[in-house]
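Hydrogens, waters and symmetry mates are skipped; everything else that's a heavy atom, side chains included, is used.
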2 protein chains.
Amino acid sequence: MRSGQVTIKDIAKELNISCSTVSRALKDFPGISPTTKKSVVDLANKYNYRPNAIALSLRNQKTNTIGVVIPETVHFFFSTVISGIEDEAMSEGYNVMICQSRESYEREADCIDTLMGARVDGLLVSISRETSDLAHLQKVVSEGKPLVFFDRLVEGMNATSVVVDDYQGAYDATKHLIDQGCKHIVHLEGPDNLIISRKRKEGYISALEDHEMPIDEGLIIECRDGSEAEAAKLFQHLLESGAAIDGVFANNDMAALGALQASKSSGLKVPEDIAIIGFSNWQFSSLIDLSSVEQHGYEMGREAVRLMFQEIANEDESAKSQIRILDAEIVPRGSSSRIA
Amino acid sequence: MRSGQVTIKDIAKELNISCSTVSRALKDFPGISPTTKKSVVDLANKYNYRPNAIALSLRNQKTNTIGVVIPETVHFFFSTVISGIEDEAMSEGYNVMICQSRESYEREADCIDTLMGARVDGLLVSISRETSDLAHLQKVVSEGKPLVFFDRLVEGMNATSVVVDDYQGAYDATKHLIDQGCKHIVHLEGPDNLIISRKRKEGYISALEDHEMPIDEGLIIECRDGSEAEAAKLFQHLLESGAAIDGVFANNDMAALGALQASKSSGLKVPEDIAIIGFSNWQFSSLIDLSSVEQHGYEMGREAVRLMFQEIANEDESAKSQIRILDAEIVPRGSSSRIA
DNA sequence: GCGTTTTTTTCAAACGTTTGCAAGCCTGAT
DNA sequence: ATCAGGCTTGCAAACGTTTGAAAAAAACGC
């Protein structure tokens with residue numbers, strides 16, 4: 001018995017027939033005698049034969065694998081997206097190969113190189129924070145490989161993308177606070193170089209304008225690293241300055257948590273004195289009853305794969321470069337709900 | 001220009017030389033004239049040549065890919081393990097292919113089939129909750145494919161495994177509560193059919209015994225689905241029964257959170273009236289200042305890959321079937337720390 | 001100019017699979 | 001007998017790469 005897994009050759013040799021016959025017998029091709037077919041199938045089962053996907057890929061020039069480049073898998077949101085990607089891909093008989101860029105440009109380029117070397121049938125990419133040079137991505141499309149971006153929109157390249165509507169989510173979140181009676185709403189803003197941060201800020205401002213509320217630049221605070229501690233410190237500072245505040249819309253749930261902690265330690269009641277809502281609906285948010293905005297990561301993953309399949313199927317350029325914008329959905333919880 | 005990526009053949013044709021020459025030129029083989037080498041390398045760069053990993057795999061009978069079968073990627077712990085797996089694998093030039101069993105036996109078998117078909121060089125498996133029949137795994141080892149289990153130990157198969165020391169972690173957690181002065185410690189137990197639940201319960205009991213404290217079966221409560229709501233309800237019930245309780249060691253952080261909420265809503269102060277510690281050190285635990293036990297998932301992932309490489313390298317059976325037990329480490333936080 | 005060595009290049013096979021085409025065999029009609 | 005026609009099977013090439021062995025080309029000594 002040979003060491004590795006059984007191949008068509010092994011079966012052919014043992015039955016003294018040709019590989020062609022075995023191959024055809026295994027896939028119900030017409031023109032194979034029932035006797036032969038049975039003996040082949042029996043032996044294949046006995047030896048637990050599995051077609052060698054590598055050989056198939058080489059022959060068919062198709063790996064049935066899609067590559068995913070993502071900043072981090074440990075982030076709850078991204079792992080949710082991956083889940084959606086896997087489910088949708090698996091249901092179509094595709095495998096998924098994941099690489100983490102760790103928010104590094106260099107690693108991202110490496111990942112793409114590796115996946116291109118593995119001859120994946122398409123690439124799903126959420127670019128790293130560092131990435132501004134797009135040469136490595138241009139190469140991908142110039143070689144005719146389907147490419148779909150998700151979550152993070154890439155400016156300066158017209159490729160198919162799936163993103164969540166940050167503007168609308170932010171607008172709704174802010175409007176929700178207004179509906180709860182908030183008059184002085186702080187925005188804990190994300191890093192200015194990210195598109196999502198800007199979109200969310202715009203949504204916040206538009207909501208205020210639409211409700212004829214003043215925009216107070218002093219109530220917009222940038223949280224650069226987006227950590228809980230940073231937000232808590234900055235927000236505490238703001239409270240101590242004596243500003244009248246009764247609502248917070250944070251760029252992410254971590255920052256919202258920071259605001260929550262600062263509020264409580266300042267003796268303010270949530271949501272009575274101050275209503276708080278975050279963004280992203282992290283797992284912990286439901287646990288601590290923090291209102292947030294759901295980004296539907298799972299659905300985003302599935303949609304990205306669906307668009308990918310469209311690109312793989314359509315040789316023509318017709319379906320290219322569309323941008324799918326998914327709705328963000330506010331999830332009101334205890335931290336912001338004053339009205340029963 | 002042909003559609004797909006450039007191959008050695010393309011380069012050979014364009015330069016009117018043979019594939020062999022191109023291949024050797026690209027990898028600094030001796031016996032290639034400098035002129036030829038230069039022209040080949042230049043053209044390869046120009047066309048952005050990348051060796052076809054599929055073809056290489058077929059030829060070398062080695063895919064440089066390891067397969068991972070895991071119940072869920074969205075669990076924080078598992079995604080941490082994956083992170084470790086990826087880092088260690090990548091550093092050795094390996095790719096990782098991940099399949100989720102979704103805690104289903106059938107899907108698990110499917111995953112393994114797929115990965116075997118993809119001819120991964122080795123398999124890393126954390127079995128599903130449903131799995132009791134081990135035939136699909138036996139097949140893997142009988143075909144000589146390296147197999148390493150992680151996190152969930154498999155009884156009845158002697159394969160290499162990496163697990164965390166649940167017993168010791170539970171012992172330390174319980175001892176920690178005792179050290180904080182707790183006299184009546186509840187254990188919120190996990191489902192009895194899981195080995196980890198039993199180990200943790202044993203650790204809890206041993207710690208009590210070693211400190212000459214009575215084992216009160218009434219203080220051991222089974223939380224079957226391990227949700228926060230379930231734990232809160234059961235614990236609330238226990239409190240209302242008037243039992244004297246001043247400490248809780250929960251099988252996982254979700255249950256611990258349930259106990260925390262029930263305690264607070266009953267007007268008990270944490271940690272003064274009741275000290276609480278969970279298990280797994282989920283991401284939210286640090287955020288809500290819940291004490292827990294860290295399982296070092298990242299390290300577990302790396303270690304699993306290291307053992308895998310050992311198995312791939314060692315043809316002999318010498319290094320087989322070892323069990324690596326990683327230390328669990330208690331992370332004391334506000335929910336249990338009475339002593340400053 | 002010819003034999004000999006050295007340098008450079010090519011050939012061919014292999015990895016596992018599929019598939020168009022050709023070939024073998026058998027049956028029955030002429 | 002011969003041949004058409006239908007079943008069944010085999011051959012060979014292809015996918016992209018590597019590599020031992022052989023061949024070709026160049027360089028050298030005389």
Gap between atoms CG and C1', on Leu58(A) and dT18(D) respectively (whole Å): 13 Å
Polar contact flag, side-chain donor to acceptor under 3.5 angstrom, Tyr298(A)-Asp87(A): yes
Contacts of type ring pair (Phe, Tyr, Trp, His ring centres under 6.0 Å), residue His136(A), not counting sequence neighbours: Tyr105(A)
Pair Thr21(B), Ser18(B): side-chain N/O donor-acceptor within cut-off below 3.5 Å: yes
Under 4.0 angstrom between Gln5(B) side-chain N/O and dG16(D) OP1 or OP2: no
Test side-chain contact (heavy atoms from CB on, under 4.5 Å) applied to Met90(B) - qualifying residues, sequence neighbours left out: Arg107(A), Cys111(A)
Distance below 4.0 Å between Lys9(B) side-chain N/O and dC15(D) OP1 or OP2: yes
Might you list the N or O atoms of the protein lying below 3.5 Å from N or O atoms in nucleotides 11-13 of chain D, with each pair's distance?
{"residue": "dC11(D)", "atom": "N4", "partner": "Ser20(A)", "partner atom": "OG", "Å": "2.8"}

Touch class at under 4.0 angstrom, heavy-atom based, for Ile54(B) against every strand present: nothing
Nucleic acid contacts - residues 27-37 of chain B versus DNA chain D, non-hydrogen atoms under 4.0 Å: Lys27(B)
For Phe309(A), all residues meeting ring pair (Phe, Tyr, Trp, His ring centres under 6.0 Å), sequence neighbours excluded: Tyr94(A)
Whole angstrom value for the distance that separates P of dA14(D) from CG of Leu56(A): 19 Å
Qualifying salt bridge (charged side-chain N to carboxylate O under 4.0 Å, His left out) pairs, either residue in residues 49-68 of chain A, two or more places apart: Arg50(A)-Asp113(B), Lys62(A)-Asp121(A)
With sequence neighbours excluded, residues passing ring pair (Phe, Tyr, Trp, His ring centres under 6.0 Å) with Phe29(B): none
DNA chain C: 5'-proximal contact among Asn60(B) and Asn16(B) (nearest heavy atom): Asn16(B)
All side-chain contact (heavy atoms from CB on, under 4.5 Å) counterparts of Ile196(A), not counting sequence neighbours: Asp166(A), Leu194(A), Arg200(A)
Single hit among Val68(A), Leu137(A), Val148(A), Leu147(A) for side-chain contact (heavy atoms from CB on, under 4.5 Å) with Leu123(A): Leu147(A)
Salt bridge Glu103(B)-Arg152(B), side-chain N to carboxylate O under 4.0 Å: yes
Phosphate contact (dT9(D) OP1 or OP2) by Thr21(A) side-chain N/O below 4.0 Å: no
Axial bend angle, the helix from dG1(C)-dC30(D) to dT30(C)-dA1(D): five-pair end segments, nearest 10°: 80°
Distance-only donor-acceptor check, side chains Thr131(B) and Ser128(B), under 3.5 Å: yes
Spacing of Ile8(A) atom CD1 relative to dT19(C) atom P, expressed in whole Å: 11 Å
Rounded distance (Å) that lies between atom P of dC15(C) and atom CG of Asp10(A): 10 Å
Under 4.0 angstrom between Gln61(B) side-chain N/O and dA14(C) OP1 or OP2: no
Distance test, side-chain N/O of Tyr49(A) to OP1/OP2 of dG16(C), below 4.0 Å: no
Close residues, residues 110-123 of chain A, relative to DNA chain C [heavy-atom separation under 4.0 Å]: none
Pairs satisfying side chain to side chain donor-acceptor pair (under 3.5 Å), at least one member in residues 30-40 of chain B, at least two apart: Asp28(B)-Lys37(B), Ser33(B)-Thr36(B), Lys38(B)-Asp42(B)
No-hydrogen, no-angle side-chain donor-acceptor test under 3.5 Å, Tyr49(B) and Gln5(B): no
Results of salt bridge (Lys or Arg N to Asp or Glu O under 4.0 Å) for Arg119(A) - residues two or more places apart only: none
